[in-house]
Amino acid sequence: MKKIITIIGARPQIIKSSAISRAIKNSFSHILDEIIVHTGQHYDENMSEVFFTEMNIPLPKYNLKVGSSSHANQTSEIMKGIEEILISEEANGILIYGDTNSTLAGAIAASKIHIPVFHVEAGLRSFNKSMPEEINRIMSDHVSTLLFCPTETALRNLKNEGISLSHTQKASIDTPHVYLCGDIMLDNSLYFSKLSDENSTILSELNLEKNNFILVTIHRNANTDDKTNLNSIFTALIQIQKETNLDIVLPLHPRTKKMMAEYLDETIIIELEKSKKIKIIPPVGFLDIISLEKNSKLIITDSGGMQKEAFFFQKPCVILRPETEWIEIVENGNAILANADEQKIVESTLILLNKTDFTYPELYGDGKGADFILTKISEYCQIN
Ligand code: UD1
Ligand code: UDP
């Protein structure tokens, strides 16, 4: 039996990990023993616990409870906690997801004590190092032993950074093996879609009509921590609501809630409070967000996960960022990059609402990424 330590901390990692934990339980539990470490980067009930309950994710054996703080503080606290666990558990490998501070902390802590790092969602790049996530991704990829890329683009990015795609040498930190495995979030969207249909009551709770509302999420620091950008995005949302008469639903990330109180102009706050059609609600669980995604007319977001889920559920998407790691959906005409530009957000929304000739090629694999990843990790662990 080989022991794998899985690091989760932020909402999207908890969600992603369910695909892997489910696949371990179904097909790999005779080979792999998964120990889950929650760093505590996200800690509100609706940013963490709700997912364990409704997605049936095994409870973490450890919770480092690091909470919120500056980048260096948070990352170093997580590193210290993870190092201790890796040593005491005598782990055979560490599994990290995505690009958060929890990801980077896991990568550094493990690689320095010669524990192989398996990175799921490797190779994604925005080519914008003002994003903390871009630094986290690059650093994590370059100390990994197995790199699992969700897209062809990600694979190419690693090649361009000098990482060989050949598997002629044994996988190691110096000669990592790169794999194209598809997006494990597709595994999850497919798996939880039916459960969402059966269990979510969010549409009736919010009095929403199918295909008659826009779903919005905002949380990137470039949008929340910049007064001009935050005001520009909300001005655009108010204008879109008036022009389209569609309802707008915004499950609010705690970061955004905090910064709205600090930065939003009084006139915008009054407009939002006055509007019955702009529904700002607390973050919702995965079954509810799937229901909102599937039944929306369009999605406006700066979230990486939501951009792809828009594509999975065949909804057009306005991306509140200047660039995206998921460039395929923009190139294929399913999404438009609008940044935090008020005019561009409104225009892009109207363009996509009127467009009809969308196509949905298989850009993100076949929904069986978790099994592929675990097969490769098992093979690696058996020979090392
Ligand atoms: C983090 C990740 C980001 C990811 C996002 C997913 C980093 C650098 N950023 O961003 O890549 O897309 O998670 O949601 O790792 N807060 C709460 N309750 C919580 C969690 C956060 O109130 O449970 C508030 C705190 O005020 C905190 C702020 O949100 O300071 C930001 O949290 P943090 O985890 O630092 O970054 P995110 O913006 O959530
Ligand atoms: N999500 C959720 N509830 C919400 C908002 C988002 O469950 O209220 C899910 C969403 O479906 C996606 C993931 O959270 O799977 C994305 O997380 P987030 O936007 O926080 O981070 P990112 O993907 O940008 O790193």
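Just so you know, ligand 1 is whichever comes first in the structure, and atom 1 is the first atom listed for that ligand. Here the structure is a predicted model, which means the values were calculated and not measured.
- Those atoms of ligand 1 with a heavy atom of A10 less than 4.0 angstrom away are 13 (O).
- When non-hydrogen atoms are compared, ligand 1 lies under 4.0 Å from the backbone of H42 as well as from its side chain.
- Of the polar atoms of D44, at least one N or O is found under 3.5 Å from an N or O of ligand 1, judged by distance alone.
- Nearest to atom 16 (N) of ligand 1 among the protein's heavy atoms is Y43 OH, 3.5 Å.
- Side-chain contact between E134 and N128 is absent, with no heavy atoms from C-beta onward closer than 4.5 Å.
- Checked by distance only, ligand 1 and H219 come closer than 3.5 Å through their nitrogen or oxygen atoms.
- Ligand 1 has an N or O atom lying under 3.5 Å from an N or O atom of H253, backbone or side chain.
- Salt-bridge formation is detected for the pair E323/R321: a Lys NZ or Arg NE/NH1/NH2 atom is positioned less than 4.0 Å from an Asp or Glu carboxylate oxygen.
- Atoms of ligand 1 lying under 4.0 Å from any heavy atom of K258, numbered from 1 in the order shown and given with element: 26 (O), 30 (O).
- The heavy atom nearest to atom 24 (C) of ligand 1, considering only P283, G305, P254, is found in P254.
- Protein heavy atom nearest atom 27 (C) of ligand 1, with residue, atom name and distance: S68 OG, 3.2 Å.
- Ion pair E325/R137 flagged as a salt bridge, since at least one NZ, NE, NH1 or NH2 atom sits closer than 4.0 Å to an Asp/Glu carboxylate oxygen.
- No cation-pi contact links R11 to F51, judged by a cut-off of 6.0 Å to the six-membered ring centre and 45° from its axis.
- If you number the atoms of ligand 1 from 1 as listed, the ones under 4.0 Å from a heavy atom of R220 come out as 11 (O), 12 (O).
- With T224 as reference, R255 is the one residue of K258, H253, R255 to meet the side-chain hydrogen bond (donor to acceptor under 3.5 Å, both in side chains) rule.
- Classification of D197 and K294 as a salt-bridged pair holds, one side-chain N sitting under 4.0 Å from a carboxylate O.
- In terms of protein heavy-atom proximity, atom 8 (C) of ligand 1 is closest to N101 OD1, 3.4 Å.
- The pair E89-K61 counts as a salt bridge, with a side-chain nitrogen and a carboxylate oxygen less than 4.0 angstrom apart.
- Counting only heavy atoms of the protein, atom 34 (O) of ligand 1 lies nearest to Q41 NE2, 3.1 Å.
- K2 and D33 are not joined by a salt bridge, as no carboxylate oxygen comes within less than 4.0 angstrom of a charged side-chain nitrogen.
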Stepwise ring pair (Phe, Tyr, Trp, His ring centres under 6.0 Å) test for F311 and Y364: CA-CA 10 Å; F311 182 82; Y364 298 106; 5.6 Å; yes
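- Taking a cutoff of 4.0 Å between a charged side-chain nitrogen and a carboxylate oxygen, E379 and K376 qualify as a salt bridge.
- Every residue was checked against the salt bridge (charged side-chain N to carboxylate O under 4.0 Å, His left out) condition with E83, not counting sequence neighbours, and none meets it.
- Looking at T100 next to ligand 1, no N or O pair under 3.5 Å apart turns up.
- Few gaps surround CG on N160; more than 12 heavy atoms of other groups in view lie less than 6.0 Å from it.
- Here's the thing with S102: none of its N/O atoms is less than 3.5 angstrom from an N/O atom of ligand 1.
- R125 and D141 are joined by a salt bridge, as a carboxylate oxygen and a charged side-chain nitrogen come within less than 4.0 angstrom of each other.
- Listed by number with element, the atoms of ligand 1 under 4.0 Å from a non-hydrogen atom of E133 are 3 (C), 9 (N), 11 (O).
- For ligand 2, the 4.0 Å heavy-atom shell takes in R11, P12, I15, F51, M185, H219, R220, P251, P283, V284, G285, F286, I289, E293, S303, G304, G305, M306, E309, ordered by chain and residue number.
- Here is the list of ligand 1 atoms found below 4.0 Å of a heavy atom in H71: 8 (C).
- Note on V216 and Y263: same hydrophobic cluster, where clusters join Ile, Leu, Val, Met, Phe, Trp and Tyr whose side-chain heavy atoms are under 4.5 Å apart, directly or indirectly.
- Contacts between P12 and ligand 1, counted as non-hydrogen atom pairs separated by less than 4.0 Å, involve the side chain only.
- Shortest contact from atom 38 (O) of ligand 1 to any protein heavy atom: R255 NH1, 2.6 Å.
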